[in-house]
Amino acid sequence: MHRLGLLLTDRLCLVYRRYGLSEGEFDVLAALRRAGAPYERAPGELAVHTMVTTGAMTKRIDRLERDGLVARRRAATDGRGRVVALTPAGRELIDRAFAEHMENERGLLEGLTAQQAAELEVLLTAWLARVEPPPAS
């Protein structure tokens, strides 16, 4: 399992690096893109969606902001709160990177038949449900 996980991560990270991103930075941009227009979330929400600590999230946001891919601003609904939003450059980059990422994932599954891929999905979903801690309430 460990060997397969490392090999798959290496293959996925090849795409991220082509766009100048780490795996974590890709996750942040993808979470913002999935949020829908206006492509923004509070830093704490991003940490939950990407399953990292708020400290790790701050470092990722700092790097992405430095590169002009995200911007921080005050929340419209709560002047004390902050949101992180995709910039136009960030949205363009994640759209290109995500398209290539999906193509890459399809390529990684190419050796499986449709039935094998469906069976693998069922097995991994069941396994994840047993191993992953329940969401905090």
Side-chain angles (χ1 to χ4, degrees):
M1 286 185 310
H2 183 71
R3 283 177 46 208
L4 180 59
L6 289 173
L7 291 168
L8 291 173
T9 297
D10 285 347
R11 293 271 193 82
L12 294 172
C13 287
L14 284 173
V15 171
Y16 309 149
R17 284 193 294 272
R18 270 199 284 278
Y19 292 89
L21 299 170
S22 69
E23 185 176 15
E25 292 163 346
F26 177 90
D27 285 346
V28 172
L29 295 176
L32 289 169
R33 185 65 171 95
R34 282 191 308 271
Y39 310 109
E40 61 187 31
R41 292 188 187 272
E45 286 180 277
L46 285 170
V48 168
H49 282 280
T50 59
M51 297 180 288
V52 298
T53 65
T54 54
M57 182 53 58
T58 298
K59 289 178 184 177
R60 290 177 183 180
I61 293 168
D62 287 347
R63 286 191 300 266
L64 292 166
E65 187 175 40
R66 180 199 66 216
D67 293 343
L69 301 173
V70 301
R72 289 180 174 111
R73 65 172 178 72
R74 292 204 185 280
T77 56
D78 176 6
R80 296 169 303 179
R82 307 284 284 173
V83 294
V84 178
L86 279 177
T87 63
R91 182 171 173 203
E92 189 270 328
L93 182 102
I94 192 58
D95 285 353
R96 286 188 295 120
F98 189 78
E100 188 173 336
H101 167 73
M102 292 308 296
E103 192 176 305
N104 189 35
E105 280 194 346
R106 279 190 291 280
L108 290 171
L109 294 170
E110 254 176 15
L112 301 177
T113 66
Q115 181 178 345
Q116 288 171 326
E119 290 170 0
L120 181 61
E121 181 180 6
V122 168
L123 290 170
L124 291 176
T125 300
W127 192 10
L128 181 61
R130 292 183 58 102
V131 175
E132 189 174 50
S137 38

*Asks:* Hey, quick one: are Val52 and Leu32 part of the same hydrophobic cluster, counting side-chain heavy atoms closer than 4.5 Å, chains of contacts allowed?
*Replies:* yes
*Asks:* Which atom names give the shortest non-hydrogen contact between Val15 and His101, and what distance separates them?
*Replies:* CG1-N, 3.9 Å
*Asks:* So do the side chains of Asp27 and Leu46 get within less than 4.5 Å of each other, counting heavy atoms only?
*Replies:* no
*Asks:* For side-chain contact (heavy atoms from CB on, under 4.5 Å), just list the numbers for Leu93 and Leu86, CA-CA rounded to whole Å, side-chain angles, deciding distance to a tenth of an Å, and then say yes or no.
*Replies:* CA-CA 10 Å; Leu93 182 102; Leu86 279 177; over 6 Å; no
*Asks:* Please round to the nearest 0.5 Å and tell me the distance separating atom OG of Ser22 and atom CG of Leu64.
*Replies:* 7.5 Å
*Asks:* Within the structure provided, determine whether Thr58 and Thr53 are in side-chain contact (heavy-atom separation under 4.5 Å).
*Replies:* no
*Asks:* I need the minimum non-hydrogen distance between Ala89 and Gly68, along with the two atoms involved.
*Replies:* CB-O, 3.9 Å
*Asks:* Inspect the surroundings of CD in Glu121 and state if more than 12 heavy atoms from other residues, nucleotides or ligands are less than 6.0 Å away.
*Replies:* no
*Asks:* Taking side chain as C-beta onward, heavy atoms only, is Asp62 less than 4.5 Å from Arg72?
*Replies:* yes
*Asks:* Going through the distances and angles, do Glu132 and Met51 end up as a side-chain contact (heavy atoms from CB on, under 4.5 Å)?
*Replies:* CA-CA 11 Å; Glu132 189 174 50; Met51 297 180 288; 4.0 Å; yes
*Asks:* Hey, does Leu109 have a side-chain heavy atom less than 4.5 Å from the side chain of Gln116?
*Replies:* no
*Asks:* Can you measure from CD (Glu110) to CD (Glu105) and round to the nearest 0.5 angstrom?
*Replies:* 13.0 Å
*Asks:* Do Phe26 and Ile94 have side chains that get closer than 4.5 Å, going by heavy atoms?
*Replies:* yes
*Asks:* Got a sec: does the CZ of Arg96 have more than 12 other heavy atoms crowding it under 6.0 Å?
*Replies:* yes
*Asks:* Is any side-chain heavy atom of Pro43 less than 4.5 Å from a side-chain heavy atom of Thr54?
*Replies:* no
*Asks:* Can you tell me how far CG of Leu29 sits from OG1 of Thr87, rounded to the nearest 0.5 angstrom?
*Replies:* 8.5 Å
*Asks:* Would Leu112 end up clustered with Leu12 when hydrophobic side chains under 4.5 Å apart are linked, directly or stepwise?
*Replies:* no
*Asks:* Got a list of side-chain donor-acceptor pairs under 3.5 Å for residues 34-41, not counting sequence neighbours?
*Replies:*
residue, atom, partner, partner atom, Å
Tyr39, OH, Arg33, NH1, 3.3
Tyr39, OH, Arg91, NH2, 3.2
Glu40, OE1, Arg73, NH2, 2.4
Glu40, OE2, Arg73, NH2, 2.8
Arg41, NE, Ala31, O, 3.2
Arg41, NH1, His49, NE2, 3.0

*Asks:* Could you measure the distance from the CG atom of Leu108 to the CZ atom of Arg106? Nearest 0.5 Å is fine.
*Replies:* 11.0 Å
*Asks:* What's the spacing between His2 NE2 and Leu7 CG if we round to 0.5 Å?
*Replies:* 9.5 Å
*Asks:* Tell me, please, which residues at least two apart from Arg66 pass side chain to side chain contact (heavy atoms under 4.5 Å, CB included).
*Replies:* Arg63
*Asks:* Could you state whether Met102 and Leu120 fall into the same hydrophobic cluster, counting links through intermediate Ile, Leu, Val, Met, Phe, Trp or Tyr residues with side-chain heavy atoms under 4.5 angstrom apart?
*Replies:* no
*Asks:* Would you indicate whether the side-chain heavy atoms of Met57 and Thr50 approach each other to under 4.5 Å?
*Replies:* yes
*Asks:* Find out if a path of hydrophobic residues (ILVMFWY) with successive side-chain heavy-atom gaps under 4.5 Å connects Val131 to Leu124.
*Replies:* yes
*Asks:* Is it possible for you to say whether Leu69 and Tyr19 belong to one hydrophobic cluster, with membership spreading through side-chain heavy-atom contacts below 4.5 Å?
*Replies:* yes
*Asks:* Nearest 0.5 angstrom please: Phe98 CZ to Asn104 CG, how far?
*Replies:* 12.0 Å
*Asks:* For Arg18, give me all partners under side chain to side chain donor-acceptor pair (under 3.5 Å), at least two apart in sequence or on another chain.
*Replies:* Glu100
*Asks:* Indicate yes or no: at least one non-hydrogen side-chain atom of Arg74 is less than 4.5 angstrom from one of Val83.
*Replies:* no
